[in-house]
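Counting starts at 1 for both ligands and their atoms, following the listed order. As the structure is a computational prediction, the values presented were derived from the model and not from experiment.
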Amino acid sequence: MLLDRKDTLQKIGIDVYHQRKKDAAKKLNSNQADVWKALEKNVSSCQKCSLHESRTQTVFGVGDTNADWLFIGEAPGKDEDIKGEPFVGRAGRLLNEIIFASGLTRESVFIANILKCRPPNNRDPHQEEVESCFVYLKKQIELINPKIIIAVGKIAAQQLLNTDQTMADLRGSIHSFGKKDIPLVVIYHPAYLLRSPTQKSKVWSDIVLAKESIN
Ligand code: URA
């Protein structure tokens, strides 16, 4: 009997993932696409908080606006501020690996941050900055309508879930976001994993949890 590639890989114990067909109903309609464009334009000229004074440019987000998976980090760092794209530095490369190991690609998910501008010297976001900026992210979440949100790191998780719980409390369970109760799973920030590589296996169990929550 002739085995195809998928059968062969499975026989030797390699998990095979395939990208599911897009849910047609999830695609942004032309009106939503216009709203998305207007939002991006508003963000690029935003002066709602003082971070606009020190930024090189805003970092709106990257990926598929119809994605099932939405990854949300804390704020742009130096590399992201220069490039105008989230997670492009060392931590970004590790996030790409996490996404790839999940059977996904950077292009098939959407990646955004709580803040669209870099805080000086990568300090933690101030509450008034988060409050000014959150409206943009909320609109992005509404339009993308993801099947799962992955909160990348403590700050993103605490802001999205409006809590001051620790990572130890937050990771390892399925939370929910907003009125639509979108499942939300918290993973360690890749910058932390670069400092503490022994924690990487925990991210894998959190990704498995996320997969379970949408299957
Ligand atoms: N860390 C984040 O939280 N977001 C980025 O975009 C880059 C690093």
Side-chain angles (χ1 to χ4, degrees), residues 39-40 43-44 46 49 51-52 54-65 67 69-102 104-141 144 146 148-167 170-171 175 177 184-197 199-200 202-203 206-207 210:
L39 186 67
E40 191 163 6
V43 166
S44 68
C46 181
C49 78
L51 293 182
H52 77 273
S54 51
R55 74 180 176 220
T56 305
Q57 58 192 313
T58 56
V59 179
F60 186 62
V62 71
D64 184 352
T65 52
W69 291 63
L70 172 58
F71 289 77
I72 302 177
E74 176 183 332
K78 185 166 178 264
D79 297 318
E80 291 76 21
D81 172 72
I82 293 169
K83 194 149 184 225
E85 190 176 320
F87 285 101
V88 291
R90 268 186 85 212
R93 284 195 288 281
L94 183 51
L95 182 65
N96 290 348
E97 282 175 27
I98 293 169
I99 291 171
F100 191 67
S102 314
L104 305 159
T105 61
R106 190 170 164 98
E107 295 71 33
S108 69
V109 303
F110 198 87
I111 307 173
N113 279 309
I114 299 286
L115 292 188
K116 307 294 186 214
C117 295
R118 180 191 183 204
N121 302 316
N122 298 345
R123 63 155 168 75
D124 285 353
H126 291 165
Q127 203 49 38
E128 69 275 12
E129 294 160 355
V130 174
E131 274 156 29
S132 312
C133 215
F134 210 38
V135 58
Y136 298 133
L137 181 62
K138 275 199 191 143
K139 195 70 200 172
Q140 286 178 302
I141 297 174
I144 295 171
I148 179 90
I149 295 176
I150 305 294
V152 183
K154 183 178 82 173
I155 304 268
Q158 288 180 334
Q159 294 297 346
L160 288 163
L161 297 170
N162 194 20
T163 177
D164 55 9
Q165 282 179 290
T166 63
M167 273 305 269
L170 289 167
R171 53 162 302 278
H175 305 267
F177 177 82
L184 184 153
V185 166
V186 178
I187 63 169
Y188 281 127
H189 197 286
Y192 168 72
L193 295 174
L194 287 170
R195 296 191 301 272
S196 310
Q199 301 295 319
K200 281 187 188 170
K202 293 194 179 145
V203 174
D206 293 330
I207 291 292

| message | Using only atom types and a distance under 3.5 Å, with no angle test, would you say the side chain of Q57 pairs donor to acceptor with the backbone of D81? | response | yes

| Under 3.5 Å: donor-acceptor pair, side chain of H126, backbone of E128 |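 No: the side chain of H126 does not pair with the backbone of E128.
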
Please report which non-hydrogen protein atom sits nearest to [atom], along with the residue it belongs to and the distance in Å to one decimal place.
{"atom": "atom 4 (N) of ligand 1", "answer": "N113 OD1, 2.8 Å"}
{"atom": "atom 1 (N) of ligand 1", "answer": "H189 NE2, 3.2 Å"}
{"atom": "atom 8 (C) of ligand 1", "answer": "F87 CE2, 3.8 Å"}

| said: Under the side chain to side chain donor-acceptor pair (under 3.5 Å) definition, can you give me all pairs with a residue in residues 71-80, not counting sequence neighbours? | reply: none

| task | Run the numbers for me: atoms of ligand 1, each under 4.0 Å from some heavy atom of P86, listed by number. | result |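 Once the distances to P86 are compared, the set is 6 (O).
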
| said: Taking 4.0 angstrom as the limit and counting only heavy atoms of G73, give me the atoms of ligand 1 inside it, by number and element. | reply: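 In order of number, 3 (O).
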
| For A112, what residues pass the side chain to side chain contact (heavy atoms under 4.5 Å, CB included) criterion, not counting sequence neighbours? |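 Partners of A112 by the side chain to side chain contact (heavy atoms under 4.5 Å, CB included) criterion, ordered by chain and then number, come out as F110, K116, L137, Q140.
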
[X], portion touching ligand 1 at heavy-atom distance under 4.0 Å:
{"X": "A91", "answer": "neither"}
{"X": "E74", "answer": "both"}
{"X": "A75", "answer": "backbone"}

| query | At their closest point, which heavy atom of C46 faces which heavy atom of Y136, and how far apart are they? | reply |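 Looking at all heavy atoms of both residues, the shortest contact is SG-OH, 3.2 Å.
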
| request: Return a yes/no value for P76: is any of its N or O atoms, backbone included, closer than 3.5 angstrom to an N or O of ligand 1? | output: no

| Is the closest side-chain heavy-atom distance between I99 and W69 below 4.5 Å? |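 A side-chain contact under 4.5 Å is absent here.
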
| said: Does this structure show an ion pair linking E129 with R123, if we count only N-O contacts that are shorter than 4.0 Å? | reply: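 Yes.
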
